[in-house]
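Here the structure comes first, spelled out in structure tokens, and everything after it is commentary.
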Amino acid sequence: MVMRELRRNYSYHGIVYEANIAFRRRSGIRLSIRKDGRLSISAPRRISLTDLDQEIGKMMPWVEKHRSKMEQEQALPYTYILGERVETSQSEAEVRSGYAKQALAYFTSRVAYFAPIMGIKTPYKVKVRDMMSRVGSNSGQTKTLAFSLWLYHFSPAVIDSVVIHELAHDKVRNHSSKFYAIVLQYCPDYWALRKRIVRHQYGKDHEQG
């Protein structure tokens, strides 16, 4: 029997998940994600909200992974490619696999453009990975720049901000003020563009937002 219910929001990597929590006579927490993106949670009736939030926080990587899988399996009425809205009847996974080669070529061209401007002499290899947890990475050990296939949805300005960010790590490996001074030197609108990534604002129609 349900003792009490609660609605609560949980944020992870810029996405807010609405949760319906039912407190029952049980020993552990059970969590599932619905097709509409909401979370259904069954929790012990005596658990504190602090402990509940901590336990749910540990489950959020699974939630993100499962949400991404659900989105990939759903047919889309449209998608964005380089910030342009494109009509489609494919799933997210099919759309991504279809433009993987184009994305690699585009990211490679932007690295080639900005590297000499920023004084980067390291001969980086460029790769594309189907990842959602981050949009780019710089491996100093393997001399590889990896960009998320998901990034190809965004407008060229957003993509350039990520390319500049990863190239800046050639000079400063951490995220110190010195690092961001380099990023802002070549991308003054970096923070505004970063917000668009967090908010999943893919299109050029968001540029004035």
Side-chain angles (χ1 to χ4, degrees), residues 1-81 85 88-100 103 127-139 146-154 158-159 161-162 165-166 174-175 191 193-203 206 209:
M1 187 175 91
V2 175
M3 304 302 296
R4 63 189 178 96
E5 295 184 349
L6 177 68
R7 290 186 178 181
R8 199 165 178 83
N9 292 339
Y10 292 94
S11 179
Y12 189 72
H13 286 169
I15 299 178
V16 177
Y17 297 87
E18 297 181 10
N20 294 324
I21 306 169
F23 295 89
R24 306 173 182 269
R25 289 186 175 179
R26 57 179 301 116
S27 59
I29 296 173
R30 185 175 65 187
L31 181 150
S32 62
I33 181 168
R34 300 174 2 182
K35 290 184 178 180
D36 61 4
R38 295 184 179 181
L39 305 181
S40 293
I41 300 171
S42 180
R45 63 176 183 173
R46 296 185 182 278
I47 192 171
S48 69
L49 287 181
T50 298
D51 290 341
L52 175 64
D53 290 346
Q54 289 179 348
E55 292 303 312
I56 297 302
K58 296 176 183 178
M59 299 178 180
M60 293 312 290
W62 175 88
V63 170
E64 181 182 61
K65 182 178 180 179
H66 196 68
R67 177 192 60 78
S68 177
K69 182 179 179 180
M70 289 171 58
E71 289 181 349
Q72 291 184 29
E73 292 173 348
Q74 293 175 358
L76 304 173
Y78 63 89
T79 189
Y80 285 96
I81 296 179
R85 180 165 163 158
T88 183
S89 59
Q90 296 179 309
S91 70
E92 177 69 18
E94 290 171 329
V95 170
R96 289 185 188 176
S97 64
Y99 63 62
K127 293 186 177 181
V128 171
R129 294 175 180 166
D130 193 3
M131 54 187 180
M132 289 286 290
S133 59
R134 52 176 156 172
V135 289
S137 65
N138 179 321
S139 173
F147 297 98
S148 169
L149 190 52
W150 172 56
L151 181 63
Y152 198 58
H153 283 306
F154 292 92
V158 173
I159 294 174
S161 73
V162 177
H165 178 114
E166 298 308 332
N174 56 36
H175 289 98
W191 292 115
L193 296 169
R194 181 67 183 176
K195 286 181 181 179
R196 289 173 56 193
I197 295 175
V198 172
R199 295 171 181 172
H200 292 205
Q201 295 178 332
Y202 304 114
H206 295 115

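Numbers for residues simply follow the sequence, beginning at 1.
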Practice task
Sequence neighbours left out, what passes side-chain hydrogen bond (donor to acceptor under 3.5 Å, both in side chains) with R38? Give chain and number order.
Solution key: E18

Exercise for the section: State which residues pass side-chain hydrogen bond (donor to acceptor under 3.5 Å, both in side chains) with N20; sequence neighbours excluded, sorted by chain then number. Expected result: none

Exercise for the section: State, yes or no, whether a side-chain contact exists between I56 and I21 at a heavy-atom distance under 4.5 Å. Expected result: no

Handout entry: Q201 side chain reached by Y80 side chain, heavy atoms, under 4.5 Å
Key = no

Problem - Close side-chain approach of L52 to F23, heavy-atom, < 4.5 Å - result: yes

Practice task
Would you mind reporting whether I41 and Y10 have side-chain heavy atoms less than 4.5 Å apart?
Solution key: yes

Handout entry: Which residues share a ring pair (Phe, Tyr, Trp, His ring centres under 6.0 Å) with F154, sequence neighbours left out
Key = W150, Y202

Handout entry: Contact list for residues 29-65, test ring pair (Phe, Tyr, Trp, His ring centres under 6.0 Å), sequence neighbours left out
Key = W62-H66

Exercise for the section: Run the ring-centre check on H165 versus H175 and record whether the distance is less than 6.0 Å. Expected result: yes

Practice task
Please identify each residue that fulfils side-chain hydrogen bond (donor to acceptor under 3.5 Å, both in side chains) with S11, with sequence neighbours left out.
Solution key: none

Problem - Reported OG-to-NE2 distance for the pair S148 and H153, which is rounded to 0.5 angstrom - result: 8.5 Å

Practice task
Check side-chain hydrogen bond (donor to acceptor under 3.5 Å, both in side chains) between N174 and all other residues, then give those that pass, not counting sequence neighbours.
Solution key: S176

Exercise for the section: May I ask you to decide if L149's main-chain N or O and D130's side chain share a donor-acceptor pair within less than 3.5 Å? Expected result: no

